[in-house]
K.L.:
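Below are the structure tokens for one structure; questions will follow.
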Protein chains: 2
Amino acid sequence: MVKITDVARRAGVSPSTVSYALSGKRPISEETRRRVETAARELGYRPHAGARALASSRSNVIALVVPLRAGIHVPVVMQFVGSVVTAARRHDHDVLLLTQEEGEEGLRRVADTALVDALILMDVQLHDPRLPLLRSLDRPTVMIGFPKEADGLTCIDLDFRTAGERCVDHLAQLGHRVVALVGSPPEVYVRGTAFAQRVVQGFTAAADRGGLVCAVHPCEATPAAARRVAERLLRDQPALTGVVVHNEPVLEPLIDAFTRLGLRVPGDLSVTAICPDELAESLRVPVTSVALPSAEVGERAVELLMEKLGGAAVPEATLLPPRLTRRASTAPRPA
Amino acid sequence: MVKITDVARRAGVSPSTVSYALSGKRPISEETRRRVETAARELGYRPHAGARALASSRSNVIALVVPLRAGIHVPVVMQFVGSVVTAARRHDHDVLLLTQEEGEEGLRRVADTALVDALILMDVQLHDPRLPLLRSLDRPTVMIGFPKEADGLTCIDLDFRTAGERCVDHLAQLGHRVVALVGSPPEVYVRGTAFAQRVVQGFTAAADRGGLVCAVHPCEATPAAARRVAERLLRDQPALTGVVVHNEPVLEPLIDAFTRLGLRVPGDLSVTAICPDELAESLRVPVTSVALPSAEVGERAVELLMEKLGGAAVPEATLLPPRLTRRASTAPRPA
DNA sequence: TTCGCCCGTCGAAGCGCTTCGACGTCACGC
DNA sequence: GCGTGACGTCGAAGCGCTTCGACGGGCGAA
């Protein structure tokens, strides 16, 4: 292993000068810096991560806690993970992966051992048991999603409430008067996952405001469940002409089910979704949707974290504005 | 921060004794060990990861390199990631996530800075450019998948060749004489991804051996592509009665397409797949399939790694035997 | 010319832990 | 009764890096 003293010797300077030359934390003459850089390059010098962490009390690693549980759409999580890793690397940090199952003990462990400098949490619940711990930890944290009581914590997410509203408003503008929301699996609501509830709130509020008749149906993430929900929907609300889907895996099966039940999309039934654009575009009938900007959320989360690490104050709440894209699945209400 | 000297003081022993008592690397009297453990617990002592890594030259972190590229089925990757993290934790290790995009430079970085003790690589290509680097690295490595030239490296994977064979054999036993393989997207073959090619080999070999007529069709991972492939299949091989699918996202669309083209599954057409059991079971017609045991592969990979870290010799190749589960999608060849 | 200051560099002191060698003690065998 | 281990514990020496204070030399201001 080549160490800093090796570089120092080769460059004809002291180890501390090498450190300063490479980190830029003190002014070093152009000439010396070049010599140090050359020496480092030629020797293939890589500072030992542990030694650096010990001396500087910075590990340059952030923790990312991901949910691997039922009811969350895996591709969204993965896209998110990818964007966090990429963004972290841009800031010269690496990412340590923790699973939700590790629980609070896992968070405490990586924070207290100084394995990581900061943490990002996904899948935050409305009453998340980890909140007190996060407050007591001395490390900066960013949460994806909004718990009920978030004071003092930094949160970021798509503005799901407004996303729900946008979908309804869009349908209302097209003249639809009876709408339904096909939501996440029941367990997601039972857990009190914030974003799912916010969609419901937005959906309901916008429907009320517009004087629409509305209903909410949770739905398991299976094609069979989608078919059952489709049937129930038509039975319960025969006048239904607009549907909002907030449940990626059932979006396609649901549209299929409607089609099979004799309803044309968008001829008889308009469908909008809250899902990644990629999914919305890939369907036979491209679906009008509010995008789920996982990559953007991940990126911003990392940037917030870096600012906090740098000692800057950041806003407690960051709500990414929803963007609705019209596609082929919505049309004016049939006469 | 509470450090080892704090624990030592409280327990009335020296720091080294605390270290030995907690690590068990030297015999310590029952009585002393208990005192140390109590002190550590009461103070909430957590050894500083950097300091430990520096002194012991072990970081207790392993790197996991995941593919975030086109043509790989995300849920499979994620399940794999989950099992690696869980297994690593059982061995008191954490997982640092790297993306394929980081490339060789990323591997070298985490290895040379001693950030990680060992590495797991997913999505290995037949002629993977990273092989020479892995050989030169001083850290143990396990690869998921088999490159062409694997001497000196440890690999593990499902036995895809035999998996392909099993599917054909199953169809052959049921009397089918004309079969087709619907495979991964073209780019996967172009890249030379080992497992995809092995399935083709197994498929072809078994068909030849059994005297079956066979054809191979790569297929994009979209429903539209699935429909096109279904049509082409029926056009090119009118006598077709058996299909093997090795492409998770198109499995359902493909069956739908066949149904729409007037073929009943399994009445007119038997379908088998190589995919996670979960997916095979979730379809309207549960599909006879060879399981993709991602969790098991991940777990075994970690165990191999730990054995190598412990200095043990491990087999270079580990092939997990395929397991075919009969479900509703295969039946004897129609008369 | 002299004083003071800043720039560029060095030396040394840790960061918190592991580990090696050493040492005292006790039990046992001869 | 004494040598001999084995056992349990301690002290000290690092692991490789960052960082703080100090210092010499050059330059501008007085």
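Lettering of chains follows the sequences in order, A, B, ..., and the numbering in each one begins at 1. Any value given below was found using the heavy atoms of this structure, including those in side chains, with hydrogens, waters and symmetry copies removed.
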K.L.:
What is the separation between atom CD on B/E30 and atom P on D/dT9, rounded to the nearest whole Å?
P.N.:
11 Å
K.L.:
Nearest 0.5 angstrom please: A/L43 CG to A/K3 NZ, how far?
P.N.:
13.0 Å
K.L.:
Would you kindly give the CZ-to-P distance between A/R33 and C/dT9, to the nearest whole Å?
P.N.:
11 Å
K.L.:
Do the side-chain N or O atoms of A/K25 get closer than 4.0 angstrom to the phosphate oxygens (OP1, OP2) of D/dT18?
P.N.:
no
K.L.:
Quick one: is C/dT9 close enough that its OP1 or OP2 comes under 4.0 Å of any side-chain N or O from A/T17?
P.N.:
no
K.L.:
Kindly indicate whether the side chain of A/D123, heavy atoms from C-beta on, has any atom under 4.5 Å from the side chain of A/R191.
P.N.:
yes
K.L.:
Measure CD1/B/I28 against C1'/D/dC10 and give the value in whole Å, please.
P.N.:
10 Å
K.L.:
Quick check on C/dT9: is either OP1 or OP2 less than 4.0 Å from any side-chain nitrogen or oxygen of A/S29?
P.N.:
yes
K.L.:
Whole Å only: how far is the CG atom of B/L43 from the P atom of C/dG16?
P.N.:
15 Å
K.L.:
Measuring from the side chain of A/A51 (C-beta onward, heavy atoms only), which nucleotide among D/dC10, D/dG16, C/dC17 has the closest atom?
P.N.:
D/dG16
K.L.:
Count the heavy atoms of every other residue, nucleotide or ligand shown that sit under 6.0 Å from CD of A/E278, and state whether that count exceeds 12.
P.N.:
no
K.L.:
From the list C/dC10, D/dC17, C/dT18, which nucleotide is the closest neighbour of the side chain of A/V13?
P.N.:
C/dC10
K.L.:
Please state how far atom CZ in A/R9 lies from atom C1' in C/dT9, giving the value in whole angstrom units.
P.N.:
18 Å
K.L.:
Can you tell whether the side chains of A/R34 and A/E30 come within less than 4.0 Å, N to carboxylate O?
P.N.:
yes
K.L.:
Specify the separation, in whole Å, of atom CG of A/L54 and atom P of D/dG14.
P.N.:
17 Å
K.L.:
Let me test you: for the helix from C/dT1-D/dA30 to C/dC30-D/dG1, what is the angle between the axes at its two ends (five pairs each), rounded to 10 degrees?
P.N.:
40°
K.L.:
Looking at B/R109 and B/E102, is any side-chain nitrogen of the basic one under 4.0 Å from a carboxylate oxygen of the acidic one?
P.N.:
yes
K.L.:
Return the nearest nucleotide to the side chain of B/S56; candidates are D/dT18, C/dT19, C/dG16.
P.N.:
C/dT19
K.L.:
Expressed in angstrom and rounded to an integer, what is the separation of B/N60 atom CG from C/dC17 atom P?
P.N.:
14 Å
K.L.:
Select from A/S19 and B/P15 the residue whose nearest nucleotide in DNA chain D is closer to the 5' end of that strand.
P.N.:
B/P15
K.L.:
By nearest atom, which of the nucleotides D/dT19, C/dG16, D/dC10 is closest to the B/K3 side chain?
P.N.:
C/dG16
K.L.:
Rounded to whole Å, please give me the gap between CD in A/E31 and C1' in C/dT9.
P.N.:
13 Å
K.L.:
So, using side-chain contact (heavy atoms from CB on, under 4.5 Å) as the criterion, who are the partners of B/S57 when residues are at least two apart?
P.N.:
none
K.L.:
Pick from B/L305, B/I144, B/I156: which one makes a side-chain contact (heavy atoms from CB on, under 4.5 Å) with B/R300?
P.N.:
B/I156
K.L.:
May I ask you to verify whether the side chain of A/R26 and the base of D/dG21 hold a donor-acceptor pair under 3.5 Å?
P.N.:
yes
K.L.:
State whether the distance check finds a donor on one side and an acceptor on the other, under 3.5 Å, for side chain B/Y20 versus base D/dC7.
P.N.:
no
K.L.:
May I ask you to say what B/S16 touches in the nucleic acid, namely base, sugar-phosphate or nothing, with a heavy-atom cut-off under 4.0 Å?
P.N.:
base
K.L.:
Please determine, for the side chain of B/M1, which listed nucleotide (C/dG16, D/dC17, D/dC10) has the closest atom?
P.N.:
C/dG16
K.L.:
With the side chain of B/P27 defined as its heavy atoms from C-beta on, choose the nearest nucleotide among D/dG16, D/dT9, D/dG8.
P.N.:
D/dG8
K.L.:
Evaluate side-chain contact (heavy atoms from CB on, under 4.5 Å) for A/R135 paired with A/D151, printing each intermediate quantity in order.
P.N.:
CA-CA 10 Å; A/R135 291 206 176 81; A/D151 8 334; 4.3 Å; yes
